[in-house]
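So the structure is just underneath, and the comments pick up after that.
Any value given below was found using the heavy atoms of this structure, including those in side chains, with hydrogens, waters and symmetry copies removed. Each chain gets a letter, A, B and so on, in the order the sequences are listed, and its residues count up from 1.
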There are 2 protein chains.
Amino acid sequence: MSAASTPEPAGLSRRDELLAIAGGLFAERGFKNTTVRDIADAAGILSGSLYHHFDSKESMVDELLDTFQTELWKQYDAIEASDLTARGKLEAVVRASFEAIGEHRNEVAIFQSDALYLATFERFGYLIERNRKFRTLWTGLLEAGVASGELRADLDIALVYRFLRDTVWVAVRWYRPGGTLTPADVADQYLTILLQGIEKESR
Amino acid sequence: MSAASTPEPAGLSRRDELLAIAGGLFAERGFKNTTVRDIADAAGILSGSLYHHFDSKESMVDELLDTFQTELWKQYDAIEASDLTARGKLEAVVRASFEAIGEHRNEVAIFQSDALYLATFERFGYLIERNRKFRTLWTGLLEAGVASGELRADLDIALVYRFLRDTVWVAVRWYRPGGTLTPADVADQYLTILLQGIEKESR
DNA sequence: TAGCCTACCAAGCACTTGCTTGGTAACGAA
DNA sequence: TTCGTTACCAAGCAAGTGCTTGGTAGGCTA
């Protein structure tokens, strides 16, 4: 098979195109509230034609979420294995997450609003697993930061974790690329608030 | 009609009971993903019987959200009209919001996950109005805090507002009453992080 | 020229959705 | 005893759901 025989002339196959369309709709109105007819309409084809490319509606989200998460965890693993301090790793992880919001908004939004529902199917059991791994990573960094004296010791770690996790990922609800703020800008401001607070001359 | 002829012997009418059941399901799995049969099953009746008490599924959420928001805004208005400093008002508003999460978890959760969808119907136009009023209140307090020197001036107000708003309301996703943390405890910790940050010996 | 592949359409099936309709049983007041 | 009220059931409808089926048109390859 020669390279010229690949079915994607523009670099993005029809399949990938459809997947992106589906991702946009899932992110916008939720997985269950998006019908296969919605997706087909947006793509300019009939709903039955989608099944030439995909097994099911479920397999579309599956592919979207799995691909994204695998990529994100490559970055997390690299950060965890680096020789940064706990605080440095925490900052790097926050920055990587905001980058993910910038580059994979749809996938993050889908995960945010539909992971709980999807996880009820055993097909999506890996979502629960990844979630636990995520919590372990973040709380581990927070604990290490307290132990090293970089972070204050008088706060409830579990609560700080949830605070941190939620504030980072919920940003996907309002962040739109192309504005004046880059994901790096948002990460800077968030880290400043998180680390130093909004009070003037505190402590 | 004597007082003894009221249909609610326990103080909670059957209607209110059904509304509470519906609220729990809406909060748990979303408005669109909850069927009238789900609600009826949970109440131990058939779906058609619900229509003896309510006009439609929509009117159930409507009643839940409107009642809750009216009550919440009574508190906000009182805080705004008080003679606290900007920072004091900000703290009070955050605390009132966490109290709302404690006492009206279902309604807050429904608003968080379904307001955007519901607002597409003109019946729920008041949700958009309330949202704008909310943003005006919070950003106004932040700006007043910066002007009075209570809050630092080097941060993007619009971004701090979103940070603040999201961190408060997203807590409804994990907060469960009856645990070791009261809403006041969570508010204390969140305000500490928000105002002073998690860094040790900052600035 | 034949065979295969990609991408799609047209029709429809089995099921679920919100909601409607006509009826019944229990109960208190007149 | 009659009447209205409250609370429900049983059955079902129209619209919409995910998905399947049998088919076609065009292009590439041998």
Side-chain angles (χ1 to χ4, degrees), chain A residues 1-23 25-26 28-64 110 114 117-118 120-121 123-124, chain B residues 1-23 25-26 28-64 110 114 117-118 120-121 123-124:
Chain A
M1 278 174 250
S2 70
S5 74
T6 51
E8 55 270 29
L12 198 70
S13 71
R14 184 65 170 140
R15 188 188 149 87
D16 290 342
E17 213 177 313
L18 295 172
L19 208 52
I21 289 170
L25 292 173
F26 291 156
E28 196 185 318
R29 45 230 259 191
F31 174 72
K32 269 212 83 175
N33 296 340
T34 302
T35 71
V36 293
R37 284 171 182 79
D38 289 338
I39 301 168
D41 284 354
I45 59 177
L46 290 188
S47 67
S49 307
L50 281 176
Y51 291 85
H52 168 70
H53 300 275
F54 303 96
D55 282 349
S56 65
K57 196 176 102 168
E58 273 186 22
S59 72
M60 294 188 214
V61 235
D62 197 357
E63 194 166 330
L64 284 165
I110 296 165
D114 292 314
Y117 164 73
L118 292 173
T120 60
F121 304 98
R123 165 172 201 168
F124 293 96
Chain B
M1 278 177 250
S2 70
S5 74
T6 51
E8 54 272 29
L12 198 70
S13 71
R14 183 63 171 143
R15 190 188 150 85
D16 290 341
E17 212 178 313
L18 294 172
L19 207 52
I21 289 169
L25 291 173
F26 291 157
E28 194 186 319
R29 44 231 260 192
F31 175 71
K32 270 213 81 174
N33 295 340
T34 302
T35 71
V36 291
R37 283 172 181 79
D38 289 338
I39 302 168
D41 284 354
I45 60 177
L46 290 187
S47 67
S49 308
L50 281 176
Y51 291 83
H52 167 70
H53 301 274
F54 303 96
D55 282 349
S56 65
K57 197 177 104 170
E58 272 186 22
S59 72
M60 294 189 214
V61 235
D62 197 357
E63 193 166 330
L64 283 165
I110 295 166
D114 293 314
Y117 164 73
L118 292 173
T120 61
F121 305 97
R123 166 172 201 167
F124 294 96

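- For the pair B:E17 CD and D:dC8 C1', the interatomic distance rounds to 14 Å; values are reported in whole Å.
- In terms of position along DNA chain D, the nucleotide closest to B:R37 lies nearer the 5' end than the nucleotide closest to the other residue of the pair A:D38 and B:R37.
- Of all nucleotides listed (C:dT6, D:dC19, D:dC8), D:dC19 comes nearest to the side chain of A:S47.
- Side-chain atoms of A:K57 and A:L50, non-hydrogen and from C-beta on, never get closer than 4.5 Å to each other.
- Atom-to-atom, CG of A:D41 to P of D:dG18 comes out at 12 Å; the value is rounded to the nearest Å.
- Residue B:S49 is in base contact, counting any heavy-atom pair closer than 4.0 Å across all strands shown.
- Protein atom NZ of B:K32 is 9 Å distant from nucleotide atom P of C:dG18, rounded to whole Å.
- At a threshold of 4.5 Å between non-hydrogen side-chain atoms, the residues A:L46 and A:R37 do not count as touching.
- In this structure, B:L46 reaches the bases: a heavy-atom distance under 4.0 Å links it to at least one base atom across the strands shown.
- The base of C:dC19 has none of its N or O atoms less than 3.5 Å from a complementary donor or acceptor on the side chain of B:S56.
- Atom P of nucleotide D:dA7 and atom CZ of B:R15 are separated by 10 Å, given to the nearest angstrom.
- Comparing C:dC8, D:dC9, D:dC19 by their closest approach to the side chain of A:I45 singles out C:dC8.
- Here B:R14 contributes atom CZ and B:H53 contributes atom NE2; the two are 6.5 Å apart, rounded to the nearest 0.5 Å.
- Along DNA chain C, the nucleotide closest to A:L18 and the one closest to B:E58 are compared, and the more 5′ of them pairs with A:L18.
- The distance between atom NE2 of B:H52 and atom C1' of D:dA7, rounded to the nearest whole Å, is 5 Å.
- For the pair B:N33 CG and C:dG18 C1', the computed distance is 14 Å after rounding to whole Å.
- The OH-P distance, from A:Y51 to C:dA10, rounds to 18 Å in whole Å.
- For the atom pair A:F31 CZ and A:L118 CG, the distance stands at 6.0 Å (nearest 0.5 Å).
- Checking D:dA7, C:dC8, C:dG18 against the side-chain heavy atoms of A:H53 singles out C:dC8 as nearest.
- The closest side-chain heavy-atom distance from A:I110 to A:E28 is not below 4.5 Å.
- Residue B:V36 has its side chain nearest to C:dG18 when only C:dC9, C:dG18, D:dC19 are considered.
- Atom CZ in A:R29 sits roughly 14 Å away from atom P in D:dG16 (whole-Å rounding).
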